[in-house]
Engineer: 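Structure incoming, see below.
Counting begins at 1 with the first residue of the sequence. All ligand and atom numbering here is 1-based and tracks the order in the structure.
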Amino acid sequence: MVIHPKFIFVTGGVMSGLGKGIVTSSTAKLLQLCGLKVSCIKIDPYLNYDAGTMNPLTHGEVFVTEDGGECDMDVGNYERFLDVNLTIDHNITTGRIFSNVIKSERAGKYLGQCVQIIPHITDEIKSQLREISVKENLDVLVVECGGTVGDIESLPFLEALRQMKLEDEYSDTFFIHVTLAPVLDTVGDQKTKPTQHSVQELRRIGIQPDLLAVRCKTPLTKDTIRKISLFANISPDSVMSCHDVSSIYSVPEILYEQGIAKVILKKLNLSYNLDISDWKKISKTYTGYNDHIKIAIIGKYVNLKDSYVSVYQALLHAGAKLNTEIEIDWIDSEKFETKDDVALNYGILDNSLTLLNSYDGILVPGGFGARGSEGIINASNHARANNIPYLGICFGFQLAIIAFARYVCKLSDANTTEINEKTSNPLIVYMPEQKHIKNLGGTMRLGLHEIELTADSNAFEIYQNSSIERRHRHRYEFNQNFKELLEKHGMRFTGSSDNKKRIEILEIPKHMFYFGIQYHGEFHSRPGNPEPSFKHFIKASIKKKATKGNQIFSS
Ligand code: GLN
């Protein structure tokens, strides 16, 4: 039992995208493997209240917590590495901090005072961090500060962290700074100057890092470590090489081998007994695969892979479990839009759709709005008509229903009212509870809901249970007035929630694997323990590949 809650602060230098979230998660994982009660927090220095209203193409996926928090995608990394379920409090934004302070000011909490960044904003930041570590009875809280040192936005947060170092015992805080050692093609050696400057910038605001995690292509050389140590005023033992590896799940091991746990625990004055063998067993499954399959992810936000990071990870988890390497092609759904819907109606497929025949499985993730939706409908239809394993998530579930209604039930104008409010066949409609809502932030059907599964169904077979709980993020739902018609044509609805008010799962029994889920199974998936619908989708895709192989063999 740790007497004072301890804090590890992870800051970033040089540029964004260095993998601070993975360093944070890996550090926390190693401490958790020491038997300590550890959690993580992500600080996002933007003014949005939460990540829910941000464009996934610029900010990456919106990760949904069980309590319905719309969080930064790093919270997903923490959950996956630590195998815990976090709450919305684990994502602090400038928007939330300012909003709390302003609320307190209106309530008269600061009567007579001039309310300022220091001390009022910094006090609010410190109290949120301390509150969580006490509320959750943590030994160590690892706090990742978003942005890059030198940004105006992150200054109040860094100032608050500096103050915590001053106010707490020497052994209660630890600073990790993540930087970069680039290699220029023409010169070839690892450059340390960006790291030197970044540490100087941090020191200028009063923070001397205790450890540097340096991103680099190949392991840091002894000479690079010596140079960084000298100029950054950090012992060589505390300069960690974070070189490229094939799987993020190997990062804890890499850091462990360089002695990160020893350095941290010594400063925090904690004794440790670290056994990473269980984690190694899991991370090993991400290398040396037996098989290889090709999956197409067809979505609206494919230009930024981070838009679907949980879906991507869930596929890798399933592949690792089934000893199969997953090769993913990210395809913009707009590619499958055709003006010639009549041709499609008669089964004359657009050329680009036939490209999909080379994949062993097709996955359509979540999405919002009209752009690219016709392409998704066409691709879902193609997967159905050609017996290609299909997993549709949220928007992918809804648009698979539209495709089925249009091309199997012959309701040619079937649509979701999200795309065409005036359709005479509204298969997907706005949820009644959403109708009176005006604000767009945090107002969808969010978070964990229970789902009842029909006995004797593929869903039951997959989950081996009559009920599951999964996370949600949507405004629209299946219109059950059309249920009977779709069932008559061979689609089954085998999962429901809220006393059958809401349909959550579709399947087509005659198809090799055609499965749609209104919930987001990806948020539930963990390394070593893939979410079952993903696992069965990959299983079916492996089978698809084998049958394709046989076809080629026999012809
Ligand atoms: N746009 C759809 C809805 O709001 C689907 C949402 C999603 O895919 N997350 O219901």
Side-chain angles (χ1 to χ4, degrees), residues 50-57 59-66 68-71 73 76 297-302 304 306-312 314 332-333 362-377 379-380 390-403 414-421 423 426-449 451 470-480 482 495-498 501-506 515-524 531 533-534:
D50 60 31
T53 54
M54 280 190 286
N55 185 342
L57 271 176
H59 196 76
E61 157 189 286
V62 176
F63 184 82
V64 181
T65 47
E66 283 194 344
E70 295 177 286
C71 297
M73 60 174 202
I297 295 187
I298 300 167
K300 299 179 49 138
Y301 320 115
V302 289
L304 183 75
D306 277 350
S307 315
Y308 304 115
V309 59
S310 292
V311 168
Y312 175 63
D332 194 320
S333 58
I362 293 172
L363 185 147
V364 175
F368 295 83
R371 182 188 63 80
S373 57
E374 287 299 322
I376 295 179
I377 295 170
S380 325
Y390 176 87
L391 180 62
I393 301 165
C394 205
F395 208 38
F397 159 89
Q398 297 174 353
L399 296 187
I401 289 177
I402 304 300
N415 219 327
T416 156
T417 53
E418 181 175 1
I419 296 164
N420 176 8
E421 258 184 284
T423 174
L427 269 284
I428 305 291
V429 288
Y430 215 44
M431 279 183 275
E433 296 83 345
Q434 294 278 325
K435 280 202 174 122
H436 63 280
I437 293 173
K438 296 254 166 0
N439 281 349
L440 289 184
T443 55
M444 284 188 234
R445 180 177 182 242
L446 289 164
L448 210 61
H449 293 273
I451 298 151
R470 288 294 181 274
R471 302 179 200 182
H472 296 72
R473 184 171 186 254
H474 64 125
R475 284 201 172 86
Y476 295 81
E477 66 173 336
F478 174 48
N479 177 355
Q480 295 197 51
F482 292 90
S496 64
S497 57
D498 299 345
K501 200 157 108 191
R502 224 131 262 148
I503 293 295
E504 298 270 1
I505 300 178
L506 69 80
F515 205 68
I517 53 182
Q518 178 59 76
Y519 52 88
H520 290 269
E522 68 272 25
F523 297 142
H524 213 85
E531 204 277 340
S533 62
F534 280 80

Engineer: Is there a side-chain hydrogen bond (donor to acceptor under 3.5 Å, both in side chains) between Gln398 and Thr416? Walk through the geometry before answering.
Structural biologist: CA-CA 8 Å; Gln398 297 174 353; Thr416 156; 5.0 Å; no

Engineer: Using distance alone, decide if ligand 1 has a nitrogen or oxygen within less than 3.5 Å of any nitrogen or oxygen in Tyr476.
Structural biologist: yes

Engineer: Can you tell me the protein heavy atom closest to atom 5 (C) of ligand 1 and the distance?
Structural biologist: Gly367 O, 3.3 Å

Engineer: Which residue supplies the protein heavy atom nearest to atom 3 (C) of ligand 1, what is that atom called, and how far is it?
Structural biologist: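 Minimum-distance protein heavy atom for atom 3 (C) of ligand 1 reads Arg475 N, 3.4 Å.
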
Engineer: Can you tell which of Asp332, Ile376, Val364 makes a side chain to side chain contact (heavy atoms under 4.5 Å, CB included) with Lys300?
Structural biologist: Ile376

Engineer: For atom 9 (N) of ligand 1, what's the nearest protein heavy-atom neighbour? Residue, atom name and distance, please.
Structural biologist: Arg473 O, 2.9 Å

Engineer: Taking 4.0 Å as the limit for heavy-atom contacts, which would you say applies to Glu477 with ligand 1: side chain only, backbone only, both, or neither?
Structural biologist: neither

Engineer: For atom 7 (C) of ligand 1, what's the nearest protein heavy atom and its distance?
Structural biologist: Cys394 SG, 2.9 Å

Engineer: Tell me whether the centres of the aromatic rings in Phe63 and Phe523 are closer together than 6.0 Å.
Structural biologist: yes

Engineer: In terms of atom number and element, which parts of ligand 1 are under 4.0 angstrom from non-hydrogen atoms of His520?
Structural biologist: 9 (N)

Engineer: Does the pair Thr417 and Tyr476 meet the rule for a side-chain hydrogen bond (donor to acceptor under 3.5 Å, both in side chains), with working shown?
Structural biologist: CA-CA 8 Å; Thr417 53; Tyr476 295 81; 5.2 Å; no

Engineer: Just let me know how His474 lines up against ligand 1, side chain, backbone, both or neither, with a heavy-atom cut-off below 4.0 Å.
Structural biologist: both

Engineer: Report, in ascending order of atom number, the atoms of ligand 1 lying under 4.0 Å from any heavy atom of Gly366.
Structural biologist: 8 (O)

Engineer: Output yes when the distance from some N or O of ligand 1 to some N or O of Met444 is under 3.5 Å, and no in every other case.
Structural biologist: no

Engineer: My understanding is that only one of Arg471, Arg445, Arg470 makes a salt bridge (Lys or Arg N to Asp or Glu O under 4.0 Å) with Glu504; could you say which?
Structural biologist: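 It is Arg445; the other options fail the test.
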
Engineer: Just by distance, do the side chain of Ser307 and the backbone of Pro56 share a donor-acceptor pair under 3.5 Å?
Structural biologist: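 The answer is yes, because a donor-acceptor pair under 3.5 Å joins these two groups.
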
Engineer: Given side chains that start at C-beta, do those of Leu399 and Ile419 come closer than 4.5 Å, heavy atoms only?
Structural biologist: yes

Engineer: Rounded at 0.5 Å granularity, tell me how far CD1 in Ile451 sits from CG in Asp498.
Structural biologist: 9.5 Å

Engineer: Identify, by atom number and element, the atoms of ligand 1 in contact range of Glu418, meaning under 4.0 Å from any of its heavy atoms.
Structural biologist: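 In order of number, 1 (N), 2 (C), 3 (C).
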
